[in-house]
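Values below: every heavy atom of this structure, side chains too, minus hydrogens, waters and symmetry copies. All of these numbers come straight from a predicted model, not from anything done at the bench.
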Amino acid sequence: MLKATLRSFLAHKGRLALSALAVVLSVAFVSGSLIFSDTVTRTFDRLFASTAADVTVGPKQDLRSPVPGGATLTVPADLAGRVAKAPGVASAHADVSVQNVTVTDSRDRSVGPTTGAPTIATSWHLTDRSPVELTSGHAPRGADQALLDADTAGKKHVGIGDTLTVQAQPGTFRVRVVGIATFRTTNPGAALVFLDQATAGKQLLGSAGKATSISVEAAPGVTDPELKNRVAAAIGGGGYELRTAAEQAKSAAANLGGFLDVIKYVMLGFAGIAVLVGIFLIVNTFSMLIAQRTRELGLLRALGADRRQVRRSVLLEAMLLGVVGSTLGLAAGIGMAYGLIRLMSLFGMNLKATEMVIGWGTPVAAYVVGVGVTFVAAYLPARRAATVSPMAALSDAEIAGVDKPLTGRAVAGAVMGVAGAAALAGCVAATKAAPAAALLGLGVVLTLIAMVIAGPLLVRPVIRVLGGAFPALFGSVGRMSQRNALRNPRRTGATAAALMVGLALVGGMSVASASMSASFDRQIDRTLGADFIVQSANFTPFSADVRRTVRGTEGVGLVVPQRITPLAVRMPDGRRVQTAASAYGPRLDDVVHLTYASGGTGAALADGRLAMDAKFAQGHGARLGSTLPVEFPGGKVARLTVGALTNLESPEGFGTQGGIFLGLGTVDTYVPGGQDSVLYVNAAPGTDAAGLRANLTSALKPYPQLQVRDQADYKKLVHDQISVLLYLVYALLGLAIVIAVLGVVNTLALSVVERTREIGLLRAIGLSRRQLRRMIRLESVVIAVFGAVLGLALGLVWGVCGQQVLALRGLKDLQVPWGTIVAVMIASAVVGVVAALFPALRASRMNVLAAIAHE
């Protein structure tokens, strides 16, 4: 049996090659993502571990927010002197390091990275643990000198003697480059500007007596935990956060983890799609191979092989396919990881391909995925093979299940479909976003399974409609192509299912994204009243110099600043709600239109007051006039009064929980030194919008990070952000289509082999080669369009239900992108034509007499 299995595998290796490609793709994405993330993690772990001080003393940060607020928390610079006196301390020095800066060259071009990495201005203090070393020039001395890292200097063509402009929170200042510092380890992609200690404190933090942290080195024989305890005892610990080198490295790695997770999960998403679609392909391939080997399997049974041996034989073939596919996929994954590492180098993250990490878990995961997928996919065909009777060796019997009743599928599909429909109905009826999203996910999974199970039941009624015009348009060739697609509903359903999965995903996401765009457009039209918005390209805060520049621009009538700050509110029901709040300047009503349940903008922005969403307040026991403890960054706590309640479309407050906002004066009192995030600008009377835009663009030329947007620009910005997610879905669709095409090609190729005698007879009675190719192409097109119809119908249902979840977040507009739906249908027909090219060509080249004599 083992020899027979190996010979059978080698005999059908060409037919199995397309199935192996699905395994290769899925394993490649899994192994590539693991290798890349492990390499980046190991590289940065070494960086963080080698550069962190034994103990770092920094300001206490109880409030962390993904939304940048612009304020920098500090510690006294002279704290380093107190720390140095603690027992076990070898040395201590104050550090200044801020990321809320913009650096430009003499031509007002940004010197910072364009890949999202930060621009960091920091104090120069060279130690054995410094990530850089001085390689040319000299250290900065005085208020007008600075160093620049070598990678940035090379990319931006900056040299020693050039002048740079630094836009920091306290103000803008100029420096001259007097030296170049080169990274000793991996450059994470940031741009680094080094100043001397006094200049850094004064220009970056507003005072030479301030620092952002204190770095402490331990004396010989003192462990980091011991040093941490001694330093804490020496400074009292109040208002400070102490971390050992290991804790500091762990925190830095956690911040990097978000970036790595995005890449890992995207690639694993591609792997998941490849696995899911590949299962259909492998099931179909093995089912057809077994059907074509009915007499061979019957002969094995007649010679004494029992059912278990036949089943094992088929499963062994699948395991061999999985091992080969996993091995090739692992090699492809290594190549993919190498490509990602090189790609990161183009973006400024200088990883070394020679230090690629291939942990033991990567090959294990690769073979578990590859072999596991093929084993699971081949199990049902293997069981079917074991049912072949020894009498099949004497006949042309086929066990593909052509005439087998679909009663079991009907029952199982109905049960899963009803359960999925109930979950989707619950999603639509839900009143809170979290349970609605959970029900949506459950409904998507159940309805997808139901459609896969019940797909063969839909083959005959749907394909009769889709191919109904074929006889009239193409005569007998069209009629035969339609009947060929109807011949084996199980095979047709499984072939179309691969395409259905990808198109269902695209249909659902297209409806969701179109609905999001329409909802945002309506919200912008309804709430935004400013002529222009001044905002940085990556939404980072900017210095107060920008507000002064905008106010001094000709044609500007009104400027209302917006600032973001993290805060925590202790609600009357006892809950501590941590969120990000907006602070606005006076005359907010002139640039933003808000509706209030009670109170108004004046009361909301008054000193000592705040506003929040009425439904949010009601859910937590707050009302107009309630006085609430509010915790600001740095540990300052204020008691603020609810001055107004707003009517937000989202009961939870879209964007930030609670929809809390307050006056700029209140925030300045408790979080001094913050930076604006947005400026709302209205034109002065008699100034046209086009003229004001030109004036603003000219005035803001020294600030290349800023953009001037009107309502149309703002809508485009939102649409572009939504499109990023949609492009990812389209990429997933592309992968699904590639594998689906392989599935259609495989099905048609095996079908041609299966129908060799039939094709020979058709050719003998006068069917031309052109007509034969047309027949196979039409069969392929109708199968592809059948999969598209099922997928898009399912996707539309998912999209409508998904929009109900979005409605609970304030996005209430439903919009179906019919243009996309029609384009996908047309593209599906093209996919069918492309997939049929090779099988149709092969069929047309058959020798007629040899085909008739084929067994």
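- Note that OG1 of T165 and CG of D108 are 7.0 Å apart. Values are rounded to the nearest 0.5 Å.
- Residues A530 and N682 share a closest heavy-atom pair of CA-OD1, 3.2 Å.
- Partners of A823 according to the side-chain contact (heavy atoms from CB on, under 4.5 Å) rule, which considers only residues two or more places apart in sequence or in another chain, do not exist here.
- Every residue meeting the side-chain contact (heavy atoms from CB on, under 4.5 Å) condition with S536, not counting sequence neighbours, appears here in chain and number order: N538, T540, Q705, L706.
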side-chain contact (heavy atoms from CB on, under 4.5 Å) between I533 and L528, worked out: CA-CA 10 Å; I533 298 172; L528 185 59; 3.5 Å; yes

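- Within the structure, the salt bridge (charged side-chain N to carboxylate O under 4.0 Å, His left out) test picks out the following pairs touching residues 579-607 (sequence neighbours left out): R587-D590.
- For the atom pair OG1 of T172 and CD of Q203, the computed distance is 9.5 Å after rounding to the nearest 0.5 Å.
- You'll find the side chain of T646 stays beyond 4.5 Å of the side chain of F616, heavy atoms only.
- Within the 4.5 Å cutoff, side-chain heavy atoms of L610 are placed close to those of V642.
- For the 3.5 Å distance criterion, the side chains of S582 and Q562 qualify, holding a donor opposite an acceptor.
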Steps toward side-chain contact (heavy atoms from CB on, under 4.5 Å) verdict (M571, M612): CA-CA 12 Å; M571 302 299 291; M612 64 177 59; 4.0 Å; yes

Derivation of the side-chain contact (heavy atoms from CB on, under 4.5 Å) call for V428 and L439: CA-CA 9 Å; V428 174; L439 287 170; over 6 Å; no

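- The side-chain contact (heavy atoms from CB on, under 4.5 Å) test applied to A611 returns A604, A644, F661, not counting sequence neighbours.
- For the atom pair OG (S517) and NZ (K716), the distance works out to 12.0 Å, reported to the nearest 0.5 Å.
- The backbone N or O of E554 lies less than 3.5 Å from a partner atom in the side chain of N695, making a donor-acceptor pair.
- Every residue meeting the side-chain contact (heavy atoms from CB on, under 4.5 Å) condition with K210, not counting sequence neighbours, appears here in chain and number order: T74, L205, S207.
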Which atom pairs, donor and acceptor, lie under 3.5 Å between side-chain atoms of residues 798-807 and protein residues at least two apart or in another chain?
from, atom 1, to, atom 2, distance (Å)
W798, NE1, T447, OG1, 3.0
Q803, NE2, L811, O, 3.2
Q803, NE2, K812, O, 3.1
Q803, NE2, D813, O, 3.3

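- In this structure a side-chain-to-backbone donor-acceptor pair under 3.5 Å is present from T595 to N647.
- Within the structure, ring-ring contact (aromatic ring centres under 6.0 Å, His included) pairs that include any residue of residues 548-582 do not occur (at least two apart or interchain).
- Remark: Y714 engages no residue in a ring pair (Phe, Tyr, Trp, His ring centres under 6.0 Å) (not counting sequence neighbours).
- Side-chain contact between V546 and D676: absent, with no pair of heavy atoms (C-beta onward) separated by less than 4.5 Å.
- For residues 164-175, no pair satisfies salt bridge (charged side-chain N to carboxylate O under 4.0 Å, His left out), with sequence neighbours left out.
- Using a distance-only test at 3.5 Å, with no hydrogens or angles considered, no donor-acceptor pair links the side chain of S677 to the main chain of R563.
- With a 6.0 Å radius and a threshold of 12 heavy atoms from other residues, nucleotides or ligands, K202 has its NZ atom at or below the threshold.
- Closest of all the heavy-atom pairs between P118 and P113 is O-CG, 3.8 Å.
- Nearest heavy-atom pair, V111 versus D105, reported as atom, atom and distance to 0.1 Å: CG2-N, 3.7 Å.
- Taking the side chain as every heavy atom from C-beta outward, Y703 and T549 approach each other to under 4.5 Å.
- Taking CG from L662 and CZ from R609, the interatomic distance works out to 12.5 Å, rounded to the nearest 0.5 Å.
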Derivation of the side-chain contact (heavy atoms from CB on, under 4.5 Å) call for V550 and L700: CA-CA 8 Å; V550 170; L700 293 174; 4.0 Å; yes

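- When all heavy atoms are compared, the tightest approach of I564 to A580 is CG2-CB, 4.2 Å.
- Counting heavy atoms from C-beta on, the side chains of T72 and Q169 never come closer than 4.5 Å.
- Residues A606 and T666 come closest through the heavy atom pair O-OG1, 3.7 Å.
- Looking only at side-chain heavy atoms (C-beta outward), I120 and S97 come within less than 4.5 Å of each other.
- Residues A581 and L567 approach most closely at CB-CD2, 3.5 Å, considering heavy atoms.
- Between V569 and P629, every side-chain heavy-atom pair lies at or beyond the 4.5 Å cut-off.
- Expressed to the nearest 0.5 Å, how far CG of L696 lies from OG of S698 amounts to 9.5 Å.
- Atom CG of L594 sits about 6.0 Å away from atom CG of L588, to the nearest 0.5 Å.
- Not one N or O on the side chain of D531 forms a donor-acceptor pair closer than 3.5 Å with the backbone of V681.
- Residue pairs meeting the salt bridge (charged side-chain N to carboxylate O under 4.0 Å, His left out) criterion with at least one member in residues 619-642, sequence neighbours excluded: R576-E631.
- In this structure a side-chain-to-backbone donor-acceptor pair under 3.5 Å is missing from T102 to Q167.
- Shown here are the salt bridge (charged side-chain N to carboxylate O under 4.0 Å, His left out) partners of K701, two or more places apart in sequence or in another chain: there are none.
- Pairs passing the salt bridge (charged side-chain N to carboxylate O under 4.0 Å, His left out) check and including a residue from residues 681-697, sequence neighbours excluded, read R693-D710, R693-D713.
- In this structure, the side chains of L440 and L424 come closer than 4.5 Å at one or more pairs of heavy atoms.
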